[in-house]
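Read through the structure below, which is laid out as structure tokens, and then see the notes.
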Amino acid sequence: MEVAGMARERVQDMADHCAIEVAVSVLGGKWKLVIVEYLLEHPHRFGELHRRLPGITQRMLTRQLRELEADGIITRTVHHQVPPRVDYDLTDAGRRFAPAAEQLRLWGAWYKRQLVERDAAEPATSAEPVTPVS
């Protein structure tokens, strides 16, 4: 598949032994999983997604949506009205990700708690370097 000038190995051509590689190829990156998570709630318009994703540029959101659409994870529906309206929704393939998304959410919350607890248990370190006394 090629989107916005970037080529990636076709999913159909990937090795059969690593299905995780397929999932990461389709859903990997900083924004795609979060976009899919929001679309699991209900269809969203571009502006709604952009507001919910602070830090993403319009260009990057457009790119991520196009890649998800090309991979058959989302659909883009253009409503011919004034002003024009475009809705993004999950396909059946995208909705099948819901159980995995829940497991990732649970694991992420657990992992973050582990780090917070670990950091709380470690003694505070001084920000100033220690200079030996002569």
Side-chain angles (χ1 to χ4, degrees):
M1 175 184 75
E2 186 172 330
V3 175
M6 295 191 60
R8 156 184 107 188
E9 182 179 8
R10 289 175 4 118
V11 170
Q12 301 88 319
D13 297 335
M14 291 180 177
D16 290 336
H17 68 275
C18 192
I20 289 178
E21 181 181 353
V22 171
V24 169
S25 176
V26 173
L27 295 168
K30 182 174 180 177
W31 303 107
K32 287 182 182 178
L33 286 174
V34 180
I35 291 168
V36 170
E37 180 180 25
Y38 290 149
L39 293 176
L40 281 167
E41 298 169 359
H42 58 81
H44 280 68
R45 294 173 69 177
F46 184 91
E48 292 174 308
L49 287 169
H50 193 248
R51 281 189 296 279
R52 292 191 76 179
L53 297 164
I56 193 170
T57 63
Q58 287 189 358
R59 181 177 179 211
M60 179 56 74
L61 178 55
T62 298
R63 180 176 166 193
Q64 300 296 282
L65 290 168
R66 284 181 182 162
E67 289 178 9
L68 287 167
E69 183 180 16
D71 284 327
I73 305 301
I74 66 171
T75 59
R76 178 180 186 267
T77 304
V78 178
H79 301 276
H80 298 288
Q81 63 185 48
V82 177
R85 189 179 103 207
V86 178
D87 291 322
Y88 294 92
D89 198 4
L90 293 173
T91 62
D92 289 338
R95 279 192 263 306
R96 287 193 59 146
F97 184 70
E102 178 61 19
Q103 289 301 309
L104 282 170
R105 192 174 11 266
L106 292 170
W107 184 86
W110 169 85
Y111 186 72
K112 184 176 180 182
R113 281 192 312 274
Q114 299 303 307
L115 293 178
V116 168
E117 290 171 10
R118 182 196 69 192
D119 291 349
E122 290 179 0
T125 57
S126 172
E128 296 180 25
V130 177
T131 23
V133 179
S134 357

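In this chain, numbering begins with 1 at the start of the sequence shown. Keep in mind that the numbers below use all heavy atoms, side chains included, and drop hydrogens, waters and symmetry copies. Worth saying up front: this structure is predicted, and the values here are computed from it rather than measured.
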Open item on the list: Are L27 and D71 packed together at the side-chain level, in the sense that at least one heavy-atom pair is separated by less than 4.5 angstrom?
Closed with: no

Task: Exercise: identify the closest heavy-atom pair between V36 and G94 - done: CG1-O, 4.5 Å

Task: Considering all heavy atoms, the nearest G72-A93 contact - done: O-CB, 3.8 Å

Task: From R66 atom CZ to E69 atom CD, the distance as rounded to the nearest 0.5 Å - done: 9.0 Å

- [ ] Taking the side chain as every heavy atom from C-beta outward, state whether L65 and R76 have any atom pair closer than 4.5 Å.
- [x] no

TODO: Report the distance from atom CG of D87 to atom NE2 of H79, rounding to the nearest 0.5 Å.
DONE: 3.5 Å

Open item on the list: For Y111 and W107, take the angle between the two ring planes, folded into 0 to 90°, and tell me which bin it lands in: parallel under 30, tilted 30 to 60, perpendicular over 60.
Closed with: parallel

Task: Sequence-distant partners of H80, ring-ring contact (aromatic ring centres under 6.0 Å, His included), two or more places apart - done: none

Task: Side-chain (T62) to main-chain (Q58) donor-acceptor, under 3.5 angstrom - done: yes

TODO: Taking the side chain as every heavy atom from C-beta outward, state whether I73 and F97 have any pair of such atoms under 4.5 Å apart.
DONE: no

Open item on the list: With a sphere of 6.0 Å drawn around CD1 of I20, does it hold more than 12 non-hydrogen atoms of other residues, nucleotides or ligands?
Closed with: no

Open item on the list: Looking at every non-hydrogen atom in both residues, tell me the closest pair between R96 and P99 and how far apart they are.
Closed with: O-CD, 3.4 Å

Task: side-chain contact (heavy atoms from CB on, under 4.5 Å) involving R118 - partner list, sequence neighbours excluded - done: L115, E122

- [ ] Report whether V34 and V24 are members of the same hydrophobic cluster (ILVMFWY, side-chain heavy atoms less than 4.5 Å apart, transitive linking).
- [x] no

Task: R52 side chain near H44 side chain, heavy-atom distance below 4.5 Å - done: yes

- [ ] Before accepting this row, confirm whether a basic side-chain N of the pair E102/R105 lies closer than 4.0 Å to the acidic partner's carboxylate O.
- [x] yes

Task: Whether over 12 other heavy atoms sit under 6.0 Å from D119 CG - done: yes

Open item on the list: Please check this pair: side chain of H42 against backbone of L40, looking for a donor-acceptor N/O pair closer than 3.5 Å.
Closed with: no

- [ ] Could you tell me whether the side chain of R95 and the main chain of L90 form a donor-acceptor pair under 3.5 Å?
- [x] yes

Task: Heavy-atom side-chain proximity of Y88 to I74 below 4.5 angstrom - done: yes

Task: Residue pair H50 / I56: nearest heavy atoms and the distance that separates them - done: NE2-O, 3.2 Å

- [ ] State the CZ-CG distance between F46 and L61, to the nearest 0.5 angstrom.
- [x] 4.0 Å

- [ ] Please round to the nearest 0.5 Å and tell me the distance separating atom NZ of K32 and atom OG of S25.
- [x] 7.0 Å

